[in-house]
*Asks:* 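The structure that follows is given in the form of structure tokens.
Every chain is numbered from 1, with letters handed out A, B, ... down the list of sequences. Because only heavy atoms are used, hydrogens play no part in the values below, and waters and symmetry mates are left out as well, while side chains stay in. Note that the structure is predicted; figures quoted are calculated from it, not measured.
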Amino acid sequence: MNKAIQLNDRFGAATTGKLGMWLFLVMDALTFGTILIGGIGLRNAADVWPTAGLILNVPLTAFNTFLLICSSFTMVMALNGVQKGDRKSFIKYLALTIGGGVIFLGVQVYEYTHFILGSNELGVVLSQSGFSGTQFLPFTGMYGAVFYTTTSFHALHVLTGVIYLSVILTQAVKGQYGSDNYDRVEVAGLFWHFVDLIWILVFTLIYLL
Amino acid sequence: MHSESFWRKDIFSTDHKTIGKQFLFFGIFFLLFGGFQAMLLRWQLAYPGQPVPWWLMGFLYEGTGGIIDPDGFNRLFTMHGTIMIFWAITPILIGAFGNFLIPLQIGARDMAFPTLNMISFWTFFLSGVVLLLSHFLPAGSASGGWTSYPPLSLPGGGIPGLGQAFWTLSVTLMGAATMMGAINYIITVIRLRAPGMTYWRMPLSVWGLWLTSILNAIFVPVIAAGLIMLLLDQLLGTQFFVAGRLAAGGGGDPLLFQHVFWIFGHPEVYILILPVWGIVSDLLAIYSRKPAFGYKVTSICMSTIVVLSSIVWGHHMYTTGMSPLLGKAFMFLTLLISIPSSIFFFNWLGTLWRGSLHFDPPMLYTMSVIWVFGLGGLTGLYNATVTSDIYLHDTMFVVGHFHYTLAASVLFGGFAAIAHWFPRMFGRMLNPLMSKIHFWGTFITLNLVFFNMMVVGYAGQHRRIYNPSEYEFLQPLADMNVFITYAALVLGLFQILYLFNFVWSLVKGKVAETNPWRATTLEWTMDYPIPHGNFGEIPQVYHGPHEYSNPNTDQDWAPQTVEIKSS
């Protein structure tokens, strides 16, 4: 007698959607990995590389990092809420998660504007680092190229996450999810945690080191 | 049965069979487009600087007095390579047959993510539109070669206009579509196999397509990152891949792009050929009426190559000044690939050995893959070995070699697959007489073209040179170049016959019976047209895909859904 395959046996109880998301995250990690490792290689080859914290505002971004970690926590709470059937706390924490993402993006826009518009103080700092001009731009040496590419590619992910979670929130308000139906919330959460995790690498490599 | 509107059913369809057909038509269009560019290239190499005749659409070159100028030549080989790899082979083998075969052969109702599948096709379509539009840019399309190496492909590299940026954008979009497809194929095979369809009972076509998708999932994200950086260099003025005089503020490393490109680029050749290996292994069994020789070994060998292919990219870069030790390591790993390749190659011969061979058109195409892939594989050894590669690098020998493996093997694999599954896709048979004429015409001329390319390459002719008659040492090869060109033109003519056959059979071909080839796999178990959802009831699978000439069955084949009782 031939044994029939039980679909649910493979990869535990993971749904098809969850497997798909995990595979996507692996692929996305490879893209990020290439950008980050390429950045390390280019940094080693570059003539000028400013000291950490000279141009970039580390305290401001540390706050942003903290914010993103908090939003991961609220995402866990949102999932916890929907699993328990507590719709109110589910929606509340999901909205807080989205809010965290929006503020994160806002801070990054502020940071970018500050650099792109430029100022005399920025010019002083830039000249200390071996660059000319009063603006910090994507073509301000390899430093600018690596900084803008890495952070903007990550910001694109945060933006995607915010839109993704907003769709989930709209569906949640319509009452689409409950304690027996929360797979898509969990899958969206996976993406959000991934974006958070990547940011910790970006923060360490770009801002701190 | 619920009825769907034309838009939902035929255009924005989520049915994997319709999407597969869309990819097929898309791929055939680009195959003809890229093939026509090859004819123009050959014209220039045979008759450098002479006006393109009217029957090769000489009016395209009115602006330059009918001749192909050097920039135009660069644009031709760039677009020919890019189109054939990304917009012809990829959609036909992976897009069309991946979509059509995977769910049908494993007994699934559709892909795991049907909507993603539809988005994948339309992203692919968009990428093709961007690529085609780039031909109409005022300064012309990309001309930096299909490898698009910086700094040549960057603004300071001498190529005017936005052609290179359009190239990068369209390949990036293509990559996005490929990644969506890869997720779909991998998860579908993992999750949606019918009861009883274990991994070791999957047809080898599914094995090939699945392994291809795994390679796609790992390496397309890598090139995507490289392409994003290249695009920023081209449009925003960053300097990731700029060095030397062109680098204003610091500069980066052009070699970094080569590494990123070939980390993807070498697996890419296996991405393109793995589906063919699988399809050939299956078809040989069907038309020899024998179980595939060493089924498990073949799939293990293909999996081994998947692993090895990811650590050999350096053999494309022997001449970049890499450490000899590193070169040796890459050479050793590359040559190692010949072991698993030879094993399944002999498995193919083992399948044929003492089989009851049926020379239907699909079998002819399939058997020719054995020949052209054998030649392509053997000539690869010379390119993999550092000492001979330094001489052969960047010559027509390399061009001949990869056309044998990619163009010839993959093309014949594609022809075989189309001829074999045409009745399943369109309910009619591909006309066998026209197919046989097309087969012999293509097989003979194709060998004349690509073998002689290797000969002129061995004699020293470089690839991508505009005018071979300018070099004294290449002048004795002029007749050979003319000969190759005429062979190529005849090859092109036979493809027009193929197109005619395809369209004619689509409309007027003999209506096919349900299982004309007496094959055992699941896609032949239902009547045409196959409904959305494929199976009335998900079938139970009892044995592997190649139960032919089993003494315990009445007929010489047993479908996978029929239990074989040993007597």
*Asks:* Nearest 0.5 angstrom please: T16(A) OG1 to I190(B) CD1, how far?
*Replies:* 10.0 Å
*Asks:* Between M179(B) and chain A, with a heavy-atom cut-off of 4.5 Å, which part of the residue counts as in contact: side chain, backbone, both or neither?
*Replies:* both
*Asks:* With a 4.5 angstrom heavy-atom cut-off, could you sort out which part of L42(A) is near chain B: side chain, backbone, both or neither?
*Replies:* side chain
*Asks:* If I measure from the heavy atoms of chain B, does V26(A) come under 4.5 Å with its side chain, its backbone, both, or neither?
*Replies:* neither
*Asks:* Taking atom CZ of F203(A) as the centre, report whether more than 12 heavy atoms of other residues, nucleotides or ligands fall under 6.0 Å from it.
*Replies:* yes
*Asks:* Heavy atoms, side chains only, cut-off 4.5 Å: are L30(A) and F219(B) in contact?
*Replies:* no
*Asks:* Quick check on L256(B) against chain A: is it the side chain, the backbone, both or neither that has a heavy atom closer than 4.5 Å?
*Replies:* side chain
*Asks:* Show the nearest heavy-atom pair for residues P221(B) and M27(A), with the distance to one decimal.
*Replies:* CB-O, 3.1 Å
*Asks:* Which heavy atom of F153(A) sits nearest a heavy atom of I228(B), and at what distance?
*Replies:* CE1-CD1, 3.8 Å
*Asks:* Specify the closest pair of heavy atoms between F24(A) and I183(B), including all atoms of both residues, with the distance to one decimal.
*Replies:* CB-CD1, 3.7 Å
*Asks:* Write out, in numerical order, the residues from residues 56-69 of chain A with a heavy atom short of 4.5 Å from a heavy atom in chain B.
*Replies:* none
*Asks:* Would you say that more than 12 heavy atoms from the other residues, nucleotides or ligands in this model lie under 6.0 Å from the CG of N120(A), or not?
*Replies:* no
*Asks:* Using 0.5 Å steps for rounding, measure from the CD1 atom of I214(B) to the CG atom of L23(A).
*Replies:* 9.0 Å
*Asks:* Quick one: what part of V222(B) sits under 4.5 Å from any heavy atom of chain A, side chain, backbone, both or neither?
*Replies:* both
*Asks:* Has the side chain of T34(A) got a donor or acceptor atom that lies under 3.5 Å from a matching backbone atom of A225(B)?
*Replies:* no
*Asks:* Show me the donor-acceptor pairs, under 3.5 Å and distance only, between side chains in residues 111-120 of chain B and residues at least two apart or in other chains.
*Replies:*
residue: N117(B); atom: ND2; partner: N99(B); partner atom: OD1; Å: 2.7
residue: S120(B); atom: OG; partner: A177(B); partner atom: O; Å: 3.0

*Asks:* Given that the side chain runs from C-beta out, which part of I186(B) has a heavy atom under 4.5 Å from chain A: side chain, backbone, both or neither?
*Replies:* side chain
*Asks:* With a sphere of 6.0 Å drawn around CH2 of W22(A), does it hold more than 12 non-hydrogen atoms of other residues, nucleotides or ligands?
*Replies:* no
*Asks:* For L232(B), is it the side chain, the backbone, both, or neither that has a heavy atom closer than 4.5 Å to a heavy atom of chain A?
*Replies:* side chain
